Amino acid sequence: MSAGFGWIGLRNLVGNGEASPRSGSATNVWFTRGLLGLLAGFLVGGAVWLLMLPSQNNIAQAEPVNLALASVDPVLPTSASDTAAARGAGLDGLKISSQTWRRGGLGSKALVTFTVRNDNDYAVKDIEIVCAFTRRDGSHLTDRSRVLADTVGMKSRKTFARVSIGFVNLNADQAKCSLVTARRV
């Protein structure tokens with residue numbers, strides 16, 4: 001007694017309109033071989049690129065580059081009122097009393113929260129801060145600066161919450177912010 005598992009019996013398992021498992025088209029074989037050949041070509045090309053001998057054009061220079069700092073000569077005030085304004089716009093009465101930072105923007109941006117204390121007899125605006133970011137071991141990574149257009153009144157303090165300082169290195173662990181300039185109102 002036959003169970004019907006011969007070639008004729010398997011044809012009924014395939015279904016109507018479908019090709020039998022033994023009949024493969026030549027285009028599928030060439031297409032598969034072409035994709036495998038393309039993948040092998042990419043792998044060989046990548047290996048050759050990685051193993052290329054270094055030349056003068058693709059080696060980083062070992063000697064340090066010295067950058068020249070530009071200096072701006074201060075404009076001398078011509079009248080007594082200009083002298084008082086230049087002297088009064090200093091940062092003597094301004095300080096950052098507290099600061100914290102955290103990451104934002106998928107971990108690439110620094111968001112700093114800090115409080116500026118103004119002990120002067122005048123209000124200030126356009127406060128510029130610079131934040132230095134360091135690794136856990138204390139080595140310096142990057143500096144970012146930001147100008148805040150808000151006004152801090154005289155003999156008062158103002159908290160700036162989650163101010164975006166900019167993009168920072170993902171290895172940054174600590175931040176130290178300081179005041180650079182401010183304008184007298």
Side-chain angles (χ1 to χ4, degrees), residues 42 45-47 49-52 54-185:
F42 280 133
W49 179 72
L50 287 175
L51 296 175
M52 283 188 336
S55 65
Q56 285 290 354
N57 294 336
N58 62 3
I59 294 178
Q61 299 296 326
E63 54 191 63
V65 177
N66 294 328
L67 299 176
L69 296 177
S71 63
V72 177
D73 294 332
V75 177
L76 298 175
T78 56
S79 66
S81 64
D82 290 342
T83 307
R87 187 175 55 241
L91 295 173
D92 294 335
L94 287 178
K95 68 178 184 175
I96 295 178
S97 60
S98 68
Q99 65 180 347
T100 60
W101 81 286
R102 69 182 185 112
R103 293 188 180 275
L106 298 175
S108 61
K109 291 185 179 180
L111 302 175
V112 178
T113 300
F114 57 94
T115 301
V116 175
R117 185 177 181 128
N118 183 8
D119 291 333
N120 294 318
D121 293 331
Y122 51 87
V124 293
K125 68 176 185 176
D126 295 336
I127 301 166
E128 182 178 0
I129 63 166
V130 171
C131 296
F133 294 92
T134 58
R135 287 188 174 101
R136 187 173 302 229
D137 63 356
S139 60
H140 178 76
L141 282 174
T142 186
D143 292 329
R144 294 288 180 250
S145 64
R146 172 81 187 236
V147 176
L148 306 168
D150 289 342
T151 303
V152 179
M154 63 179 203
K155 304 282 185 189
S156 67
R157 63 181 153 210
K158 185 168 187 176
T159 300
F160 297 91
R162 292 187 291 266
V163 175
S164 175
I165 298 298
F167 292 104
V168 295
N169 192 314
L170 292 176
N171 296 324
D173 188 54
Q174 299 170 354
K176 173 70 174 146
C177 297
S178 59
L179 297 169
V180 178
T181 60
R183 276 187 18 189
R184 184 176 183 165
V185 177

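Predicted, not measured: the structure shown is a model, and the values here were computed from it. FYI, the numbering just counts along the sequence from 1.
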For [X] and [Y], which heavy atoms make the closest approach, and how far apart are they?
{"X": "Val124", "Y": "Ala182", "value": "CB-CB, 4.2 Å"}
{"X": "Gln99", "Y": "Phe114", "value": "CB-CB, 3.8 Å"}
{"X": "Ser164", "Y": "Leu111", "value": "CA-CD2, 3.8 Å"}
{"X": "Trp101", "Y": "Ala172", "value": "CH2-O, 3.9 Å"}
{"X": "Asn118", "Y": "Ala123", "value": "ND2-CA, 3.9 Å"}

Flag the pair [X] / [Y] as yes when at least one side-chain heavy-atom distance between them is below 4.5 Å, and no otherwise.
{"X": "Arg103", "Y": "Val168", "answer": "yes"}
{"X": "Ile96", "Y": "Cys177", "answer": "yes"}
{"X": "Phe160", "Y": "Val152", "answer": "yes"}

Item to check | Check against side chain to side chain contact (heavy atoms under 4.5 Å, CB included), Thr134 and Leu141 | outcome: CA-CA 5 Å; Thr134 58; Leu141 282 174; 5.9 Å; no
Next on the checklist: Looking only at side-chain N and O atoms, does Thr100 offer a donor or acceptor that is under 3.5 Å from a partner on Arg102?
Outcome noted: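 No pair is found: no donor N or O on one side chain lies under 3.5 Å from an acceptor on the other.
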Main-chain N/O of [Y] paired with [X] side-chain donor or acceptor, under 3.5 Å:
{"X": "Lys155", "Y": "Asp119", "answer": "yes"}
{"X": "Asn171", "Y": "Arg135", "answer": "no"}
{"X": "Asn120", "Y": "Gly93", "answer": "yes"}

Checklist entry - For atom NZ of Lys109, is the number of surrounding heavy atoms from other residues, nucleotides or ligands below 6.0 Å larger than 12? => result no
Checklist entry - Would the number of heavy atoms belonging to other residues, nucleotides or ligands and lying under 6.0 Å from CZ of Arg162 be above 12? => result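 Incorrect, the count does not exceed 12.
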Drop me the distance from [X]'s [atom1] to [Y]'s [atom2], to the nearest 0.5 angstrom.
{"X": "Lys95", "Y": "Ser178", "atom1": "NZ", "atom2": "OG", "answer": "14.5 Å"}
{"X": "Leu148", "Y": "Lys125", "atom1": "CG", "atom2": "NZ", "answer": "13.5 Å"}
{"X": "Arg144", "Y": "Asn169", "atom1": "CZ", "atom2": "CG", "answer": "9.0 Å"}
{"X": "Arg146", "Y": "Glu128", "atom1": "CZ", "atom2": "CD", "answer": "11.5 Å"}
{"X": "Thr151", "Y": "Arg183", "atom1": "OG1", "atom2": "CZ", "answer": "9.5 Å"}

